[in-house]
Amino acid sequence: MTSNRPRIVRLVDVKDESSTVRTMTFRDDLCSKAKPGQFIMVWIPGVDEIPMSISVIKEDLAGLTVREVGEASKTLFDIKAGGTIGIRGPYGNGFTPIIGKVMIIGAGTGLAPLMPLTEILAERSASIDMIIGGKTIDEFVFVDRAKRALFKTKSRLVTTTEDGSHGIRGLATDAILPILREKSTDIIYTCGPELMMRKVFSIAQESGVPVQASLERVMKCGIGICGSCCIGKYRACKDGPVFDSPKLEEVKDEFGAFRRDHSGRIIKLSTN
Amino acid sequence: MTSNRPRIVRLVDVKDESSTVRTMTFRDDLCSKAKPGQFIMVWIPGVDEIPMSISVIKEDLAGLTVREVGEASKTLFDIKAGGTIGIRGPYGNGFTPIIGKVMIIGAGTGLAPLMPLTEILAERSASIDMIIGGKTIDEFVFVDRAKRALFKTKSRLVTTTEDGSHGIRGLATDAILPILREKSTDIIYTCGPELMMRKVFSIAQESGVPVQASLERVMKCGIGICGSCCIGKYRACKDGPVFDSPKLEEVKDEFGAFRRDHSGRIIKLSTN
Amino acid sequence: MEEPNLSVEISGFRMKNPLMLASGVLGISIGSLRRVHEAGAGAVVTKSIGYEPRVGYDNPTLVEVHGGYLNAIGLSNPGVKEFCKELSRSKIDDLPLVVSLFGAEPSEFKDMVSMLDGLKIKAYELNLSCPHVKGFGVEVGQDSRAIREIVEAVKEESGKTLFVKLSPNVTDMVKIAKVAEDAGADALTLINTIRAMSIDTETFRPILANKVGGLSGPAIKPIAIRCVYEVSKAVKIPIIGCGGVVDWQDAIEFFLAGAQAVQLGTVIAYRGPDIFEEIKRGIRNYLITKGRKSVREIVGLAHDF
Amino acid sequence: MEEPNLSVEISGFRMKNPLMLASGVLGISIGSLRRVHEAGAGAVVTKSIGYEPRVGYDNPTLVEVHGGYLNAIGLSNPGVKEFCKELSRSKIDDLPLVVSLFGAEPSEFKDMVSMLDGLKIKAYELNLSCPHVKGFGVEVGQDSRAIREIVEAVKEESGKTLFVKLSPNVTDMVKIAKVAEDAGADALTLINTIRAMSIDTETFRPILANKVGGLSGPAIKPIAIRCVYEVSKAVKIPIIGCGGVVDWQDAIEFFLAGAQAVQLGTVIAYRGPDIFEEIKRGIRNYLITKGRKSVREIVGLAHDF
Ligand SMILES: Cc1cc2nc3c(=O)[nH]c(=O)nc-3n(C[C@H](O)[C@H](O)[C@H](O)COP(=O)(O)OP(=O)(O)OC[C@H]3O[C@@H](n4cnc5c(N)ncnc54)[C@H](O)[C@@H]3O)c2cc1C
Ligand SMILES: Cc1cc2nc3c(=O)[nH]c(=O)nc-3n(C[C@H](O)[C@H](O)[C@H](O)COP(=O)(O)OP(=O)(O)OC[C@H]3O[C@@H](n4cnc5c(N)ncnc54)[C@H](O)[C@@H]3O)c2cc1C
Ligand SMILES: Cc1cc2nc3c(=O)[nH]c(=O)nc-3n(C[C@H](O)[C@H](O)[C@H](O)COP(=O)(O)O)c2cc1C
Ligand SMILES: Cc1cc2nc3c(=O)[nH]c(=O)nc-3n(C[C@H](O)[C@H](O)[C@H](O)COP(=O)(O)O)c2cc1C
Ligand code: FES
Ligand code: FES
């Protein structure tokens with residue numbers, strides 16, 4: 001009954017992924033049973049409560065991966081192993097794993113929900129093409145973890161940077177079509193900047209490949225009641241955060257176009 | 001969770017037991033699973049809610065047996081088949097059936113909880129000596145039902161009236177000792193006027209036979225919170241209404257001596 | 001058996017059924033309001049809109065407790081100007097839309113109504129009862145003079161149906177209700193949430209960033225039923241019940257207590273928007289079983305006893 | 001690890017542990033009060049006693065709702081004279097006994113106290129907050145002057161520790177609390193039940209014979225926590241928390257909010273008197289885990305944030 005309250009957990013381990021991104025693990029039975037793509041509301045007492053994807057889903061360990069952005073994420077970022085946070089969830093629908101020929105494309109902390117998905121799919125021997133994008137090499141996260149996951153499968157990892165400091169020079173989305181042309185693809189999973197995802201969706205629609213994209217909206221309740229996360233008729237926290245192609249089509253006027261701030265005001269997504 | 005609310009049930013059948021006593025049956029899953037000796041709170045909307053023993057416990061039928069006493073019981077008494085009442089419960093501990101050589105002694109509506117007990121014991125082939133007492137023949141209830149129950153077992157039914165109009169002339173309690181002397185008895189079950197039960201208890205104590213007696217106290221909540229039914233340290237509604245010999249011993253200053261009215265005031269039990 | 005009539009009319013505002021979405025629940029975008037309408041709501045109320053934009057309180061803004069939730073969203077809203085744009089982004093003619101408003105001054109309410117009144121809004125609900133924002137809500141809702149002036153100002157400005165939503169965080173709700181009635185309210189919505197708090201035993205901290213929030217959900221239903229019962233005895237205008245409805249029995253209980261319609265809020269967290277159809281079906285079947293032809297027929301029956 | 005100290009002292013009234021039996025629950029006979037004490041209560045409060053005997057309301061006097069119970073017992077009690085006899089029937093020296101009193105007039109309270117004061121009672125609790133009996137309780141509890149006069153009258157008559165129990169059925173609880181403090185109350189008990197109602201959908205009737213009753217149990221806990229938190233910020237005298245405690249976490253929450261002790265009522269219906277030992281154990285283990293030496297150390301910690 002009273003489960004939508006913060007559970008206080010102790011950080012078992014805190015690991016730098018890059019200079020601004022850290023993965024923090026803790027023990028929590030519910031999160032250990034989460035679906036990839038689900039998220040938790042993370043309470044940083046005295047500061048804020050913010051949504052975070054569950055980036056580690058192991059039998060006895062769960063984790064999140066945070067990038068310092070503003071006050072809450074910075075405070076969270078600075079909590080050391082042994083420190084505590086409050087969590088509630090897992091919330092949301094999560095990705096639906098499809099064991100087949102899949103493409104996974106993400107950037108930055110957008111990779112957080114994609115990593116446990118990748119691991120599950122790899123274990124169940126899907127054929128995976130993974131594209132990790134970034135502005136520059138310093139921003140890359142999870143590349144090693146991705147390699148470890150993909151190691152044993154018929155898989156491929158492509159990295160792209162805008163400055164060419166790692167992998168192919170260009171945008172992550174530039175790497176999609178070459179792969180789609182080369183072989184048939186059953187589904188594309190994506191998470192990252194919304195304009196990137198919008199582009200992934202466009203390319204996929206043209207190619208007739210279904211997409212599952214994880215969207216970010218301002219979240220307050222996380223349980224589908226406050227309305228702060230609404231996009232079209234859907235609640236990102238409850239009906240999402242993962243949207244499949246038919247749903248993305250339904251919300252196409254908003255997807256990649258605007259989001260709402262904490263007051264509910266419309267904020268246009270800038271195109272740079 | 002919200003089970004301590006009246007359930008509205010329709011009376012299937014209403015049967016005269018005597019000119020002032022009626023048995024009313026209804027369908028209710030919970031009451032059909034009751035233990036003999038348990039009771040329900042019966043809501044007569046607009047009038048009162050009063051405790052009544054469950055006098056019929058069958059797979060698809062349950063019932064109560066009411067004597068007209070005051071406003072509530074009179075109103076209840078007059079409800080016809082097809083009419084409705086509210087019930088909550090079953091409440092209380094009920095009798096513990098002991099399959100052996102048992103004595104059952106009751107009078108008036110005190111027989112209400114004893115009848116399903118008798119039936120269960122008879123079915124499980126206990127040897128039963130049953131004593132039904134009353135002032136006069138007109139007050140007798142359940143004699144036929146008792147005969148039907150005891151018919152097949154190694155049992156005996158003794159009736160007593162003060163005016164000698166039925167069975168042995170005298171008090172029900174007068175019939176105890178002759179039986180106890182004649183054969184060993186494992187337990188005595190009793191329900192009826194408290195002074196009678198007190199006497200049963202005294203005789204049994206002297207003879208070293210354990211007793212289970214069902215006591216009546218003013219009941220408001222029925223669930224052990226309001227305190228109106230307290231006797232000694234016990235709540236008749238929750239720790240009772242059935243008291244065994246050790247408990248009766250503990251409350252012996254009150255048992256047969258006084259009860260409390262609706263205000264909590266002590267009312268001495270008159271000795272006539 | 002004739003199909004029972006679920007429609008209700010509250011002071012000129014017609015609804016196909018007596019179930020409304022409560023204010024503040026999924027009510028900030030037309031998209032989600034429309035969805036709740038499609039899911040079966042007879043009317044939908046927006047989140048409370050104020051004159052200026054407000055981001056509201058920091059998170060945590062919501063926490064579950066036994067039998068309900070505490071929330072301290074803090075009246076976050078985009079401001080009336082921006083919200084007018086929201087309402088103009090798509091056609092809303094077909095939407096039984098009620099706009100909830102909050103404010104501190106009669107003039108604020110008046111200004112908002114003058115901006116909104118040209119849009120295809122069906123009614124207003126004045127939130128004079130938010131329990132956790134200083135200067136609005138409860139403070140206004142406890143002050144008879146403020147209530148009178150606000151209601152009169154809005155009635156002067158607009159001919160649309162006007163609901164006034166009140167709080168049980170007062171000594172004498174009936175008195176406050178009568179003030180609203182006298183001032184011209186067309187109906188009363190009872191009740192808003194109740195001031196409450198939850199503390200985390202691990203960190204010793206109040207969980208809500210604002211510390212105090214409003215209690216909603218089944219926990220407050222018996223209080224809401226009492227308010228509807230007592231107030232509906234004392235006023236002549238219709239009452240819209242609100243507080244803890246999670247199933248059709250709860251809705252019926254509100255009708256019997258004297259409500260002409262009921263609003264659903266917290267149940268959305270438990271059951272999602274589909275709950276509207278389910279409760280509608282339950283009400284329909286209940287009316288059939290009881291041989292009643294309309295919801296109207298059972299309103300206030302508990303008063304006969 | 002040192003065994004934590006569970007004892008508390010409230011204005012001279014010492015309790016072995018901070019758990020009390022709430023008034024009106026099993027509190028009419030010494031036998032059952034004693035049993036609850038033996039089950040582990042640090043103190044026991046009697047049912048509220050008035051000057052004259054009262055049978056209270058007809059049944060139904062109690063009905064379960066989601067997260068609690070409604071009761072309208074109607075202040076049934078044998079009257080102070082008879083109750084003095086009850087207290088004299090057995091030795092009560094060893095019993096940490098608090099007598100709860102209700103009345104309409106200061107003189108009534110004074111008379112009762114003068115009759116009781118010679119008995120081995122440890123403290124009084126004035127019930128100025130019963131939500132469902134006209135002329136007593138809520139009506140008294142909303143009237144600052146009545147509260148002042150009653151408290152002063154009792155303090156004049158008796159040197160025993162005096163608790164004043166207040167109701168949340170008011171607009172401004174902090175104000176009322178300060179009045180009681182000013183008038184000389186040694187401690188405040190917060191909260192009594194909240195006015196509420198439940199209607200049966202089959203018969204269309206309010207279930208309680210008195211129609212309106214008081215809501216108790218987990219449903220009101222967040223409201224009680226808020227009251228304790230707000231009032232303990234505003235007054236200097238100790239506060240006894242009450243409302244919806246069902247487990248040790250709830251008790252801790254009250255301590256953190258600012259209560260020095262807590263009372264248990266409705267939980268007895270769910271769990272019986274054995275709950276006292278269980279909650280005591282929970283508090284003890286919590287203090288050990290948190291490295292705290294006494295209950296006192298955690299009182300009001302939520303105020304630091
Ligand atoms: C489903 C979901 C999963 C997410 N997963 C991750 C993740 O795994 N790793 C990660 O680093 N970040 C993740 N985020 C984003 C993260 O929640 C924000 O970066 C964080 O809330 C910023 O808070 P702040 O106080 O540090 O920044 P602020 O300065 O307060 O805000 C910066 C920006 O963060 C966003 N933001 C702030 N508060 C919220 C909120 N309550 N809900 C949503 N967005 C908010 C807004 O866009 C805001 O403009 C996720 C967001 C969502 C919705
Ligand atoms: C556990 C239990 C089982 C009972 N089983 C039966 C039964 O099977 N058949 C039967 O006819 N009677 C039974 N009774 C007694 C029955 O409850 C009372 O006769 C009835 O309450 C009288 O109510 P009244 O309004 O008709 O009479 P009133 O005129 O109101 O009262 C007459 C007397 O009934 C008793 N009484 C009244 N109200 C209550 C109450 N709430 N709780 C307990 N006693 C009350 C009092 O002693 C009172 O003096 C039982 C009582 C208890 C406690
Ligand atoms: C998350 C949330 C936000 C709310 N926001 C508002 C609001 O902006 N304006 C308002 O009048 N009521 C608001 N309320 C109160 C509800 O409209 C409703 O009165 C209350 O929740 C009781 O109904 P319920 O138990 O069905 O939720 C809000 C309630 C919740 C749970
Ligand atoms: C059956 C019952 C009877 C009560 N009678 C009284 C009373 O006589 N005097 C009083 O001050 N409070 C009375 N109360 C209120 C309780 O003492 C307590 O304040 C309230 O129930 C909240 O606590 P709880 O949630 O732990 O029950 C009564 C409560 C119940 C449930
Ligand atoms: S975050 Fe509240 S509805 Fe999604
Ligand atoms: S009837 Fe209330 S305690 Fe037994």
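Below, read A as the first sequence line, B as the second, and so on, with proteins coming before strands; counting in each chain starts at 1.
Among Gly217(C), Ala224(C), Ala219(C), Pro222(C), the residue with the largest count of heavy-atom pairs under 4.5 Å with chain D is Pro222(C). Residue with the most contacts toward chain D among Lys221(C), Lys290(C), His303(C): Lys290(C) (heavy-atom pairs, distance under 4.5 Å).
Across all their heavy atoms, Phe204(D) and Arg292(C) have their closest contact at CE1-NH2, 3.5 Å. Residues Lys211(D) and Tyr229(C) share a closest heavy-atom pair of CD-OH, 3.2 Å. Contact detail for Pro206(C) and Ala302(D): the closest heavy-atom pair is CD-O, 3.8 Å.
Two residues are said to be in side-chain contact when any heavy atoms from C-beta on lie closer than 4.5 Å; Asn169(D) and Thr171(C) fail this criterion.
For Tyr286(D), the part sitting under 4.5 Å from any heavy atom of chain C is the side chain, from C-beta outward, and nothing else. Interface residue Glu202(D): backbone and side-chain heavy atoms are both found under 4.5 Å from chain C. For Leu256(D), the parts lying near chain C are the backbone and the side chain together; criterion is any non-hydrogen pair under 4.5 Å. Looking at Thr203(D), the atoms closer than 4.5 Å to chain C (heavy atoms on both sides) all sit in the backbone: N, CA, C or O. Contact annotation for Leu301(C): both backbone and side-chain heavy atoms come within less than 4.5 Å of a heavy atom of chain D. With a 4.5 angstrom heavy-atom cutoff, Asp200(D) touches chain C only via backbone atoms.
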Apply side-chain contact (heavy atoms from CB on, under 4.5 Å) to the pair Leu215(D) and Ile223(C), showing each step before the final yes or no.
CA-CA 8 Å; Leu215(D) 176 61; Ile223(C) 302 173; 3.8 Å; yes
Would Val246(D) and His66(C) count as a side-chain contact (heavy atoms from CB on, under 4.5 Å) if you check the C-alpha gap in whole Å, the side-chain angles of each, and the deciding distance to 0.1 Å?
CA-CA 11 Å; Val246(D) 301; His66(C) 194 112; 5.9 Å; no
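Environment of NZ in Lys233(D): crowded, with over 12 heavy atoms of neighbouring residues, nucleotides or ligands closer than 6.0 Å. Heavy-atom neighbours of Arg148(C) CZ from other residues, nucleotides or ligands within 6.0 Å: above the threshold of 12.
Expressed to the nearest 0.5 Å, how far CZ of Phe255(D) lies from CD1 of Ile199(C) amounts to 12.0 Å. For the atom pair CE of Met197(D) and CD of Glu253(C), the computed distance is 8.5 Å after rounding to the nearest 0.5 Å. Taking OG1 of Thr201(C) as the reference point, atom CZ of Phe254(D) lies at 13.5 Å (rounded to 0.5 Å).
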